[in-house]
Novice: 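Here it is: the structure, laid out below.
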Amino acid sequence: MTPMTVRTRFAPSPTGFLHIGGARTALFSWAYARRFGGQFILRIEDTDVARSTPEAVQAILDGMAWLGLDHDQGPYYQMQRMDRYHAVIQQMLAAGTAYRCYMSIDELTALRAEQEARKEKPRYDGRWRPAEGKALPPVPEGIAAVVRFRNPVDGVTSWDDQVKGRIEFSNSELDDFIIARADGTPTYNFCVVVDDYDMGITHVIRGDDHVNNTPRQINLLNALGAPVPVYAHLSMILGDDGQKLSKRHGAVSVMQYDDDGYLPEAVLNYLARLGWSHGNEEVFSMAQFVEWFDLNHVTASAAQFNTEKLNWLNAHYIKLADDERLGTEISRRLKMRGFDVPNDGASATAIASINKDRVANLNALTDIAEQFYVMPVISDELKNLHLSDAAKAALKDLRGRLESADWQLAELSASIKASLTATGLKMPQVAIPLRVALFGQTQSAAIDKVLSVLGREETLKRMARVL
RNA sequence: GACCCUAUCGUCUAGAGGCCUAGGACAAUACCCUUUCACGGUAUGAACCCGGGUUCGAAUCCCGGUGGGGUCGCCA
């Protein structure tokens with residue numbers, strides 16, 4: 001027997017951006033396929049014509065690309081598969097596994113209201129379901145039929161969920177759901193089933209809001225004589241505050257993380273660890289993740305998003321990142337703020353190099369870089385506090401040395417120390433006033449490194465302003 | 001309301017009946033390092049929802065309760 005090739009899919013509906021929950025679902029589906037040398041398929045579920053937009057499709061594609069989740073097939077678009085859906089519906093009608101229902105929306109609404117009043121689970125009552133010896137109501141005028149799936153009424157539908165364990169539904173809980181609307185367009189549960197079948201999906205990894213759809217889909221698959229894939233339902237991700245994420249509350253695009261200064265590998269590592277674990281491992285590459293990933297170490301309960309931990313990972317990955325890459329990020333972000341890195345100024349790469357240990361975020365790094373290019377505003381408070389006569393005298397002494405220094409780190413360092421000796425001051429007594437003079441604030445990277453990156457001309461210019 | 005899922009430090013989690021005096025990470029606190037802010041290092045505090053079983057033994061298995069969540073669309 002040839003081993004089954006794993007085929008997973010990510011099937012978002014393009015009604016908005018790719019948010020963090022969708023991204024994790026995509027990541028796990030992708031990782032599972034990669035782990036077993038299988039195929040990862042991207043499918044756009046755009047049958048909700050009213051809410052789907054091309055912008056949302058692009059946003060999803062952009063999000064996937066930013067995260068580096070590459071697909072092997074697709075994107076497939078359900079709207080382009082209508083002929084296939086119609087053919088299957090005709091086939092089911094002919095086979096008797098589906099039937100036409102002429103109940104109007106008003107009648108349905110009334111039925112549901114009645115059921116709810118009786119505290120029952122609202123559901124279709126099967127009035128148009130054909131049965132042996134049953135007289136169907138007369139077909140009404142002016143009502144276009146919907147097509148309903150003839151769901152089994154007895155027995156139990158179950159599956160071994162790879163994250164939640166065995167789940168069973170009594171078929172009596174399931175009603176005959178609509179597979180084609182009155183206008184003929186197919187509905188979600190039906191399209192998913194036909195697509196998963198046609199695309200040979202072996203493992204369906206998706207959010208656990210689909211648990212209740214699963215028995216219906218399994219029954220449909222059975223009616224079609226199709227194999228039933230393995231299911232794995234991922235729990236949801238809650239916001240930082242423990243509240244459910246929604247459009248109104250906390251759900252943001254993955255691209256927002258780019259805007260907010262996060263590195264994709266930090267987001268990926270964080271997401272991987274949210275709801276999945278490999279012993280005590282916290283920090284790992286995607287290559288390592290793919291090697292380790294499995295479904296039975298996925299947590300069955302919901303997880304709360306923790307920005308603090310993401311920040312920590314981001315800081316970690318910034319420290320690891322190449323200076324050149326960070327320099328490029330700085331330039332890109334500076335450009336978005338409206339200015340270019342000057343050719344004759346400090347190098348963005350060098351700025352990144354001496355500051356990447358101090359920041360947890362690319363925007364914070366960019367803020368620092370900006371200070372190297374923009375003449376600082378020095379508050380009176382800082383002037384009074386740090387630019388005393390003694391401090392100025394020390395800075396003047398230092399300026400004299402810097403004017404003739406060879407602009408190398410070691411010599412800059414030596415110059416500062418020489419000034420300390422000459423003035424009898426301690427390092428902070430010179431370094432802090434110098435920071436105030438150069439940046440208008442008391443913190444920076446090691447001051448000798450700052451000088452080496454800022455350059456002689458700019459350094460002396462800034463010092464002159466306060467002396 | 002019905003059905004389904006779920007429950008270990010504040011948070012993410014390890015834990016597959018004895019290895020648990022419940023481990024790691026983020027966050028917190030303290031100390032160390034230090035050229036400031038950070039980084040880094042060390043240490044400390046912090047949890048098995050409740051009640052019944054099963055068992056020589058339960059965080060782990062079973063039942064019930066409670067809390068949390070999901071779903072009940074001619075949305076996906």
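Each chain gets a letter, A, B and so on, in the order the sequences are listed, and its residues count up from 1.
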Novice: Need one value for A:I178: base, sugar-phosphate or nothing, where a base atom within 4.0 Å counts as base even if backbone is also close, heavy atoms only.
Specialist: base
Novice: Among the candidates B:rA14, B:rA76, B:rC72, find the nucleotide nearest to the side-chain atoms of A:K121.
Specialist: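 Looking only at heavy atoms from C-beta outward on A:K121, the closest nucleotide is B:rC72.
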Novice: Using purine N1 to pyrimidine N3 plus N6-O4 or O6-N4 for Watson-Crick, or N1-O2 and O6-N3 for G-U wobble, each under 3.5 Å, what pairs with B:rG1?
Specialist: B:rC72
Novice: How far does OH of A:Y124 sit from CD of A:E107, to the nearest 0.5 angstrom?
Specialist: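 The distance works out to 9.5 Å.
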Novice: Map A:D208 and A:R24 onto RNA chain B by nearest heavy atom, then report which one ends up closer to the 5' terminus.
Specialist: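 Closest to the 5' end, via its nearest nucleotide, is A:R24.
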Novice: Categorize A:L274 for me: base, sugar-phosphate, or nothing, with a 4.0 angstrom heavy-atom threshold over every strand shown.
Specialist: sugar-phosphate
Novice: Quick one: A:N212 CG to B:rC4 P, roughly how many Å, whole number?
Specialist: 9 Å
Novice: Is any side-chain nitrogen or oxygen of A:T47 closer than 4.0 Å to OP1 or OP2 of B:rA76?
Specialist: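 Yes, within the criterion.
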Novice: Less than 6.0 angstrom separating the ring centers of A:Y102 and A:W128, yes or no?
Specialist: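 Under 6.0 Å, so yes.
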Novice: Which part of the nucleic acid does A:R112 contact within heavy-atom distance under 4.0 Å: base, sugar-phosphate only, or nothing?
Specialist: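 Since only primed, P, OP1 and OP2 atoms lie under 4.0 Å of A:R112, the category is sugar-phosphate.
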Novice: Base, sugar-phosphate alone, or nothing: which one does A:V146 contact when heavy atoms must sit under 4.0 Å apart?
Specialist: base
Novice: Would you please confirm or rule out a distance under 4.0 Å between OP1 or OP2 of B:rA76 and any side-chain N or O of A:R51?
Specialist: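 No, A:R51 has no side-chain N/O under 4.0 Å of OP1/OP2 on B:rA76.
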Novice: If you check the A:P428 side chain, which of B:rU6, B:rU36, B:rC26 turns out closest?
Specialist: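 Of the options given, the side chain of A:P428 lies nearest B:rU36.
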Novice: So, A:H210 versus A:Y188, ring centres under 6.0 angstrom or not?
Specialist: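 So the answer is yes for these two rings.
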Novice: Is the shortest distance from a Lys or Arg side-chain nitrogen in A:R273 or A:E281 to a carboxylate oxygen in the other one below 4.0 Å?
Specialist: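 Salt bridge between A:R273 and A:E281, a charged N being under 4.0 Å from a carboxylate O: no.
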Novice: Quote, to the nearest angstrom, the P distance that separates B:rG41 from B:rU66.
Specialist: 47 Å
Novice: Look at the side chain of A:E282 and the base of B:rG24, then say whether one donor and one acceptor between them are separated by less than 3.5 Å.
Specialist: yes
Novice: Ignoring backbone atoms, establish whether A:H297 has a side-chain N or O less than 4.0 Å from OP1 or OP2 of B:rA16.
Specialist: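 False: A:H297 side-chain N/O out of range (4.0 Å or more) of B:rA16 OP1/OP2.
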Novice: Rounded to whole Å, please give me the gap between CD1 in A:I167 and P in B:rC5.
Specialist: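 In whole Å, B:rC5 P and A:I167 CD1 are 6 Å from each other.
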Novice: Heavy atoms under 4.0 Å, any strand shown: does A:G275 hit a base, just sugar-phosphate, or nothing?
Specialist: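 Here A:G275 touches the backbone only, sparing every base.
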Novice: Tell which nucleotide pairs with B:rU36, taking only Watson-Crick or G-U wobble pairs whose two distances are both under 3.5 angstrom.
Specialist: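 For B:rU36, the partner nucleotide comes out as none, under the 3.5 Å rule.
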Novice: Report which part of the nucleic acid A:A182 touches: base, sugar-phosphate, or nothing (heavy-atom distance under 4.0 Å, all strands).
Specialist: base
Novice: Start at the 5' end of RNA chain B and walk down; is the nucleotide closest to A:W312 or to A:A300 reached first?
Specialist: A:A300
Novice: What distance, rounded to whole Å, do you find between the two C1' atoms, one in B:rA47 and one in B:rC20?
Specialist: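 That atom pair is separated by 13 Å.
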Novice: Taking only the P atom of each, what is the distance from B:rA43 to B:rG52 in whole angstrom?
Specialist: 40 Å
Novice: Residues in side chain to side chain donor-acceptor pair (under 3.5 Å) with A:E173, at least two apart?
Specialist: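 So A:E173 forms a side chain to side chain donor-acceptor pair (under 3.5 Å) with A:K121.
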Novice: Work out how far the P atom of B:rG51 is from that of B:rC37, and round it to whole angstrom.
Specialist: 49 Å
Novice: When you check the glycosidic angle of B:rC20, does it come out syn, meaning within 90° of 0, or anti?
Specialist: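 With its glycosidic angle more than 90° from zero, B:rC20 counts as anti.
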Novice: Rounding to an integer number of angstrom, what distance separates B:rC49 and B:rU55 when you compare their C1' atoms?
Specialist: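 Rounded to whole Å, the distance is 23 Å.
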Novice: If pairing requires Watson-Crick or G-U wobble contacts with both distances under 3.5 Å, which nucleotide is the partner of B:rA47?
Specialist: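 With both distances under 3.5 Å required, B:rA47 matches none.
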Novice: Give a yes/no verdict on a cation-pi contact between A:R216 and A:F149, requiring under 6.0 Å between NZ or CZ and the six-membered ring centre and an angle within 45° of the axis.
Specialist: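 The answer is no; the distance or angle limit is not met.
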Novice: Can you tell me the base-pairing partner of B:rC31? Count Watson-Crick or G-U wobble geometry only, both distances below 3.5 Å, and say none if there is no partner.
Specialist: B:rG41
Novice: Side chain of A:R358 only, please: which of B:rA76, B:rC37, B:rG1 is the nearest?
Specialist: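 Nearest nucleotide to the side chain: B:rC37.
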Novice: Looking across every strand, which nucleic acid part, if any, lies under 4.0 Å from A:A180 by heavy atom: base, sugar-phosphate, or nothing?
Specialist: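 No contact.
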Novice: Rounded to the nearest Å, what distance is computed from the CD atom of residue A:E107 to the P atom of nucleotide B:rG73?
Specialist: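 Distance, rounded to whole Å: 16 Å.
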Novice: Regarding A:F305, tell me which of base, sugar-phosphate or nothing describes its non-hydrogen contacts under 4.0 Å with the strands shown.
Specialist: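 Since no nucleic acid heavy atom lies under 4.0 Å of A:F305, the category is nothing.
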Novice: Below 3.5 Å, does any donor atom in the side chain of A:R123 face an acceptor in the base of B:rC72, or the other way round?
Specialist: no
Novice: Which nucleotide in the set B:rC74, B:rU13, B:rA76 lies at the smallest distance from any side-chain heavy atom of A:S277?
Specialist: B:rU13
Novice: In whole angstrom, give me the gap between the C1' atoms of B:rG57 and B:rG70.
Specialist: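 The same atom, C1', in both gives a distance of 37 Å.
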Novice: Tell me: CZ of A:F177 to C1' of B:rC3, nearest whole Å?
Specialist: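 It works out to 16 Å between those atoms.
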Novice: Considering only atom C1', compute the distance from B:rG40 to B:rC33 and round it to an integer number of Å.
Specialist: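 B:rG40 and B:rC33 have their C1' atoms separated by 8 Å.
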Novice: Could you walk me through whether A:D106 and A:S104 pass the side-chain hydrogen bond (donor to acceptor under 3.5 Å, both in side chains) check?
Specialist: CA-CA 5 Å; A:D106 289 345; A:S104 70; 5.2 Å; no
Novice: What is the distance from CD1 of A:I179 to P of B:rG73, rounded to the nearest Å?
Specialist: 17 Å
Novice: A:H210 near the nucleic acid: base, sugar-phosphate alone, or nothing, with a heavy-atom cut-off under 4.0 Å?
Specialist: base
Novice: Considering every strand shown, what is the Watson-Crick or G-U wobble mate of B:rA25 when both distances are under 3.5 Å?
Specialist: B:rU11
Novice: To the side chain of A:E308, which of B:rG24, B:rU36, B:rC26 is closest?
Specialist: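 Selected nucleotide (nearest to the side chain): B:rC26.
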Novice: Round to the nearest Å and state the distance from A:N306 atom CG to B:rG10 atom C1'.
Specialist: 9 Å
Novice: Just how far, in rounded Å, is C1' of B:rC26 from CG of A:N269?
Specialist: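 It works out to 12 Å between those atoms.
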Novice: Assign A:T442 to base, sugar-phosphate, or nothing according to its heavy-atom contacts below 4.0 angstrom with the strands shown.
Specialist: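 Contact class for A:T442: base.
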Novice: Just the rounded figure in Å: distance from C1' of B:rA7 to CD of A:Q304.
Specialist: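 Rounded to whole Å, this separation is 14 Å.
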Novice: Does the pair A:R84/A:D195 count as a salt bridge with the N-to-O cut at 4.0 Å?
Specialist: no
Novice: Below 3.5 Å, does any donor atom in the side chain of A:R435 face an acceptor in the base of B:rU35, or the other way round?
Specialist: yes
Novice: Taking only side-chain N and O atoms of A:R43, does any of them lie within less than 4.0 angstrom of OP1 or OP2 on B:rA76?
Specialist: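 No.
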Novice: Answer with base, sugar-phosphate or nothing: what part of the nucleic acid does A:D183 contact at a heavy-atom distance below 4.0 Å?
Specialist: nothing
Novice: With a non-hydrogen cut-off below 4.0 angstrom, is A:N355 in contact with a base, only sugar-phosphate, or nothing?
Specialist: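 Result for A:N355 = nothing.
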Novice: Looking at every strand, decide which applies to A:E281 at a 4.0 Å heavy-atom threshold: base, sugar-phosphate, or nothing.
Specialist: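 It contacts nothing in the nucleic acid.
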Novice: Side chains of A:E265 and A:S285: closer than 4.5 Å at any heavy-atom pair?
Specialist: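 A side-chain contact under 4.5 Å is absent here.
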Novice: Establish, yes or no, whether a centroid distance under 6.0 Å links the rings of A:W276 and A:H297.
Specialist: no
Novice: With a 4.0 Å cutoff (strictly under), does any side-chain N or O of A:T299 reach OP1 or OP2 of B:rU13?
Specialist: yes
Novice: Using the C1' atom as the point on both nucleotides, what is the distance between B:rU29 and B:rG45, in whole Å?
Specialist: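 Their C1' atoms lie roughly 8 Å apart.
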Novice: For B:rC61, which nucleotide in any strand shown is its Watson-Crick or wobble partner with both distances under 3.5 Å?
Specialist: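 B:rC61 is paired with B:rG53.
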Novice: Which part of the nucleic acid, if any, lies within reach of A:A446 when heavy atoms closer than 4.0 Å are counted: base, sugar-phosphate only, or nothing?
Specialist: base
Novice: Using purine N1 to pyrimidine N3 plus N6-O4 or O6-N4 for Watson-Crick, or N1-O2 and O6-N3 for G-U wobble, both under 3.5 Å, which nucleotide pairs with B:rC20?
Specialist: none
